[in-house]
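Read through the structure below, which is laid out as structure tokens, and then see the notes.
To find a chain, count down the sequence lines: A is the first, B the second, and so on, and within it residues start at 1.
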Amino acid sequence: MPLEQSPTLKDFYPAPETTQPPARRGNKVFRYLTACLAFLILVLLLSNLGQGGLSSARGGSGVVRGLVLSENGLPLQDGYVKILGTDLTATLAPDGTFEIKNVPDGVRSLVVLDRYTGLEISFSAISGDVLDLGLIRFRITAVPEP
Amino acid sequence: MKQFKGQSLAEYVLLLVLVASAAILVLRLFGFSLRQAYCDVGIALGFAQACETTYCEDDFSSGKDSWATNNGDSPTGNWQFNDGQLCATGNSAIYNKCSQSMTPSDYTVKLDSINLERGDGYGIYFRSDVVDGKVNGYTFQYDPGLGAIVFRKWVDGRELSPFAVHRVPSNYDWYGKPQDVEVKVSGDTFTAYINGEPVLTAQDSTYPTGSAGIRTWDNTKFCMDGFGITPNQP
């Protein structure tokens, strides 16, 4: 081919557009599915974590108080109370009263303990509230309390 | 230009891994044990031996090294390990050392051929831990003193009123008959069996993990042939 007939740079300008083949519908669905699964796993991981220590960190706390008397009506001596599942404890005052602060929200169990035995009482702690359990008779029974 | 259709092998592998991970996490979220599932399927297909593992076991032929008291000491004279038997008298408790290092929280505690000869009864500790000589956990009690079999909770070494009771008829003969006694601990549900028959079920979620042991009190005397902790069978 003579030099005059050979193409110049202008013949190539503007450059032809390189066209990508359109993404197939199947590929799009596949990638969408993968992304959804990855998100689901992230949510599940957080839920599994939440079942552990993180869940207990949620919510507020309240105060619970009461009076513990022995079967003969006198303040229980050498006794203390404890919220099960927590480190919260309080020694009974000489008049048998007690108060525990920072009790986490929800249904809780308070146990009253003397030297050998204990009595369990369920209650619901509500954030910001003071719950007065009133008089607790410290009586150990061979069967569950009604 | 060559057109690639479909997904690459890597993408399929990624999808499979993600699906498997999601499935496992969902099962975990609902407290489902994958190992238990394999065992259940294996047993259903007649491969029971595949899951016949034992977490802890003692036939009492090698002394008392597997046991400790509340204070971590070797069991005293109240507990006699002789000729493949453990015999106990008086007021005391011992804990199985193997169970204290055991990972699973769901298990079945077994006492083989336990024979109460006299006294107010014996108990099986489960989901229990001893801290500073004080036990926190549960007991199942075979309890002629109460005239009942019961589940009881322990807090800081103090026993609480039973949270589940099965009253036994007054003419029931408590003594002089060897029995296989088991306590199956699964999630927050506890079931006691005597000679394979369920006799008491209870629920409590205070203590999610812990070890096993044996207790006796008052003027009790009993002997037993074996102690074991196994995975739960369906």
Side-chain angles (χ1 to χ4, degrees), chain A residues 18-52 78-86 89 107-122 138-146, chain B residues 1-8 10-31 91 120-121 134-137 141 143-167 202 204-208 217:
Chain A
T18 55
T19 53
Q20 294 282 350
R24 287 165 50 84
R25 180 174 163 73
N27 286 359
K28 275 186 180 173
V29 170
F30 186 90
R31 283 172 191 146
Y32 180 72
L33 188 64
T34 306
C36 285
L37 270 171
F39 179 73
L40 177 65
I41 286 173
L42 185 66
V43 170
L44 288 169
L45 274 172
L46 290 174
S47 301
N48 273 270
L49 276 176
Q51 282 198 321
D78 300 325
Y80 65 101
V81 291
K82 182 172 186 173
I83 306 294
L84 287 181
T86 73
T89 63
V107 177
R108 301 280 161 189
S109 284
L110 173 99
V111 285
V112 184
L113 302 165
D114 71 357
R115 290 184 65 188
Y116 303 108
T117 57
L119 178 68
E120 183 174 4
I121 297 154
S122 288
F138 189 75
R139 181 177 59 236
I140 302 303
T141 59
V143 296
E145 290 278 4
Chain B
M1 188 167 74
K2 186 177 178 182
Q3 285 258 353
F4 291 97
K5 292 182 179 176
Q7 278 67 47
S8 70
E11 284 176 310
Y12 281 117
V13 169
L14 175 65
L15 189 64
L16 282 173
V17 168
L18 286 172
V19 168
S21 304
I24 290 169
L25 286 168
V26 166
L27 292 174
R28 276 177 56 95
L29 195 62
F30 288 97
N91 194 5
D120 281 351
K134 297 170 182 172
V135 63
N136 289 280
Q141 296 189 181
D143 202 324
L146 293 178
I149 51 177
V150 303
F151 281 111
R152 192 189 279 285
K153 193 185 300 184
W154 292 75
V155 179
D156 291 355
R158 279 82 165 172
E159 56 181 345
L160 274 53
S161 295
F163 59 90
V165 176
H166 174 65
R167 287 273 177 209
D204 193 273
S205 56
T206 304
Y207 301 113
W217 58 92

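For B:Asp204, the salt bridge (charged side-chain N to carboxylate O under 4.0 Å, His left out) test picks out B:Lys153, with sequence neighbours left out.
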Practice task
Check the pair B:Leu160 / B:Trp154 against side-chain contact (heavy atoms from CB on, under 4.5 Å), numbers first and verdict last.
Solution key: CA-CA 6 Å; B:Leu160 274 53; B:Trp154 292 75; over 6 Å; no
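A:Asp114 and A:Tyr80 form no side-chain donor-acceptor contact under 3.5 Å, judged by distance and modelled atom types alone. Judged by distance alone, the side chains of B:Glu159 and A:Thr117 never bring a donor and an acceptor atom under 3.5 Å apart.
Of the two parts of B:Leu18, the backbone and the side chain both hold a non-hydrogen atom closer than 4.5 Å to a non-hydrogen atom of chain A. Proximity to chain B (any heavy atom under 4.5 Å) is shown, for A:Phe39, by neither the backbone nor the side chain. In this structure, chain B has heavy atoms under 4.5 Å from both the backbone and the side chain of A:Ile41.
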